[in-house]
Amino acid sequence: MKKDYVLPSLNEARKRDKNRSEKLYFSLEEKYKDLGKDKKYYIITHGCQANQRDSETMAGILDSLGYEASADEKKADVIIINTCAVRQGAEEKVLGEIGALKRLKNENPDLIICLAGCMAQEEKSVALIMEKYRQVDIIFGTHNITSLPKLLYDVYNSKQRKVEVFSKMGEIVENVPVTRFMSHKAWVNIMYGCNKFCTYCIVPYTRGKERSRNKEDIISEVEELVKDGYKEVCLLGQNVNAYGKDLGIDYTFGNLLNDVAKTNIPRIRFMTSHPWDFDDSMIEAIRNNPNIMPYIHLPIQSGNTEILKKMNRRYSREEYFELFDKLKRELPGFAFTTDIIVGFPNESDEAFEDTLSAVDHCEYDNAFTFIYSKREGTPAALLEDDIERSVKEERLQRLNEKVAYYANKNNQRFRDQIVEVLVDGVSKRNSEVYSGYTPENKLVNFTGKDVKVGELVKVKITEVMSFSLNGEKIEE
Ligand code: SAH
Ligand code: SF4
Ligand code: F3S
C-alpha cells in the first residue's frame, strides 16, 4: 500500500552546514483561531528541559486556539505525548502509555492523540506507530511544533491521520506563544540543536544543528519574566558554552551571562555545559555575578581516555580534570554534578575502574548515571555491544554507591547552616511541609507556616541526607 506520509530520516538529519540559521516569526492564521472552543487538552512530557520548554510552547499554541488545559486526561479532547528518544527505556515507556490510551480512544472516538518530540524524529518509531498504534492521530516533530494548528485543523476536517516531521537543520522561530507551567521558575532557550555528535547520542539527529537565538530576544524574554515576578531562569541549550559561535559575532556565553545577570533576576542557572569550550570569560562571569547560582553540571560520561575517544567527547581524562580542578579552585563553595554512562561497547573492567576513580577525584555533589543504550542511526550502534547485562548492572550499582557516598559527604557542610530556599511546592502528605532548592541546587524539605510557592525563604538545616536536606524555616 502506498503511504500518504513521509517518514523522517536520521541520515538526512545529520547534515550540517556553516550558514547562519534563518529567523522566522510565528503568526496564527485567522481560520484556526476558534479551533479549540469548548475543548480541552492534556500534555504528557518526557525527557529533558528542552522538552519541558517545548511542551510549554505547545500549551501556548493550544491556549491561543481557544483550548483549555485539563487536569485530567480522561476529560481531554486532545492529548499530546512529548517524547524522549535518548534511551531505549524512555521509548518503551511511551509505547506503553500509547497502548494504555487506546481505551480512552475507544470510549471517545473524537479524542485526538498526538505524538511529538524526539521519538517523532526517528523513522523506526514513526513506522511502528503508523502501523501498530492506530490510536495515534497526529505525529509532529521537534521542527514542526508551530504546525500544530494546521495539523489539528486538517485532522478535524479530513478525519485522516497526519504526519509532519521535517528532518532538517532547523531554524529559529520567535514570537511563538508560551504558557509556562510554573510562575516562579522559567526555562529560557538560548540555543537549539547540537553539533557535537557524541557517538552514542541521538540528540543531534532529533534536534537539528546548533543555532543560537539573538541576544536581544533572550534578554527581553528574561526582562519580561522579571516583570512577571519570576525568581529564577534556567538558560537552556544542549551545550550552552557554544552560544553565539554560529552567529558570527564577537559575543560569547560569558557575555550573555553578564547581560542576563544585569536584569537582576534573583537566580540564574544554565544547562548543559560541555567541557569543550568552557572558557575563562564564562568563569569570570559566573564569579562576578552573585545572581548566577553556585552550581555547575559538567558531564564527564567516562573517566577513561580510550572510551572518551570512542564516544567522541573531545577531551581526555586529564583534560577534564584540568578544567574541573580549575573550576573547583576558582569557584569555591560551588556544587558540581555530572552525567556518566556505564557499559559503553567494549568498556573493560579497567576502563570502568577509571570512571570510579574519576568520581573519587571529582567528589561530585551528585551524578546522573545511565547504562549505555544502543541508539539506531548513531555511530556507536555499529560497535558490538559485548558486555553482559548483569555486568552493566553491577557497574551501575557500584558507581551509584560511590556517587551516594560523595553526595552525602558534600552535604555535611550544610548541617546547622542557614540556607536560602526558593519554594517550589507544598508536600502532598503534610501541608506544613514544603520543598525547594538552595542556590547550590540542593533539595530541601522543610517545615513552616503560610509559606508560598515562589518565595525565597531562610531555612535552618537540621538533618542531612545524601540527596536532600531537612530543615525548619526561620522567621526573620
Ligand atoms: N547535551 C547534554 C546531554 C543531553 S542527554 C550533554 O552533553 O551534557 C543527557 C545524558 O543522557 C547524557 O549526558 C548522557 O549521559 C546520557 N545519554 C545520552 N545518550 C545515551 C545513550 N545512548 N545511552 C545512555 N545514556 C545516554
Ligand atoms: Fe548528545 Fe553529546 Fe550533544 Fe550532549 S553534547 S546532546 S551528549 S551529542
Ligand atoms: Fe530526550 Fe530529546 Fe531531550 S532525546 S533528552 S527529549 S533532546
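Throughout, residue positions are numbered sequentially from 1 according to the sequence presented. Counting starts at 1 for both ligands and their atoms, in listed order.
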Enquirer: For ligand 1, what is the set of protein residues having any non-hydrogen atom at a distance below 4.0 Å?
Expert: V86, R87, Y200, Q238, T272, P299, Q301, R313, D339, I341, F370, I371, Y372, S373, R375
Enquirer: Describe, in one word, how the ring planes of F334 and F336 are oriented to each other, choosing from parallel (under 30°), tilted (30 to 60°) and perpendicular (over 60°).
Expert: tilted
Enquirer: Taking the six-membered ring of Y437 as reference, does the NZ or CZ atom of K442 fall below 6.0 Å from its centre and within a 45° cone about the axis?
Expert: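 Because its charged atom misses either the 6.0 Å distance or the 45° angle limit, K442 does not stack over Y437.
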Enquirer: So how many protein N, O or S atoms does atom 3 (Fe) of ligand 3 have within less than 2.8 Å?
Expert: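 There are 1 of them.
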Enquirer: If the condition is side chain to side chain contact (heavy atoms under 4.5 Å, CB included), which residues does E318 pass it with, not counting sequence neighbours?
Expert: T305, S316
Enquirer: Quick one: do the N312 and Y200 side chains pair a donor with an acceptor below 3.5 Å?
Expert: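 Side chains of N312 and Y200: no pair found under 3.5 Å.
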Enquirer: Go through ligand 3 atom by atom and flag the ones less than 4.0 Å from a non-hydrogen atom of Q238.
Expert: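 Result: 7 (S).
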Enquirer: Please could you name the atoms of ligand 2 that R313 approaches to less than 4.0 Å, counting only its heavy atoms?
Expert: 2 (Fe), 7 (S)
Enquirer: What are the two closest heavy atoms between A76 and I79, and how far apart are they?
Expert: CB-CG1, 3.9 Å
Enquirer: Can a donor-acceptor pair be found, under 3.5 Å and without considering hydrogens, that links the side chain of R313 to the backbone of K310?
Expert: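 No; zero donor-acceptor contacts below 3.5 Å.
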Enquirer: What atoms of ligand 2 come closer than 4.0 angstrom to any heavy atom of H274?
Expert: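 So the atoms of ligand 2 that pass are 5 (S).
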Enquirer: Going by atom types alone, do Y295 and T337 pair a side-chain donor with an acceptor below 3.5 Å?
Expert: yes
Enquirer: Do any heavy atoms of R207 fall under 4.0 Å from ligand 2?
Expert: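 No heavy atom of R207 comes that close to ligand 2.
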Enquirer: Can you tell whether the side chains of R269 and E232 come within less than 4.0 Å, N to carboxylate O?
Expert: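 Salt bridge between R269 and E232, a charged N being under 4.0 Å from a carboxylate O: yes.
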Enquirer: Between the side chains of T369 and N400, is a donor N or O closer than 3.5 angstrom to an acceptor N or O?
Expert: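 Checked: T369/N400 side chains pair up, N/O donor to acceptor below 3.5 Å.
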Enquirer: Side-chain donor-acceptor pair under 3.5 Å between S357 and R317, yes or no?
Expert: yes
Enquirer: Going by atom types alone, do H297 and N441 pair a side-chain donor with an acceptor below 3.5 Å?
Expert: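 There is no such pair (donor and acceptor under 3.5 Å, judged by atom type) between the side chains of H297 and N441.
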Enquirer: Which atom names give the shortest non-hydrogen contact between V165 and N144, and what distance separates them?
Expert: CA-OD1, 3.5 Å
Enquirer: Could you tell me whether R134 and E131 have a side-chain N and a carboxylate O separated by less than 4.0 Å?
Expert: no
Enquirer: How many N, O or S atoms of the protein are nearer than 2.8 Å to atom 1 (Fe) of ligand 2?
Expert: 1
Enquirer: Between R16 and D246, is there a side-chain N and carboxylate O pair less than 4.0 Å apart?
Expert: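 No, this pair does not count.
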Enquirer: Looking only at non-hydrogen atoms, find the nearest pair between L443 and S435 and report the distance.
Expert: CD1-CB, 4.3 Å
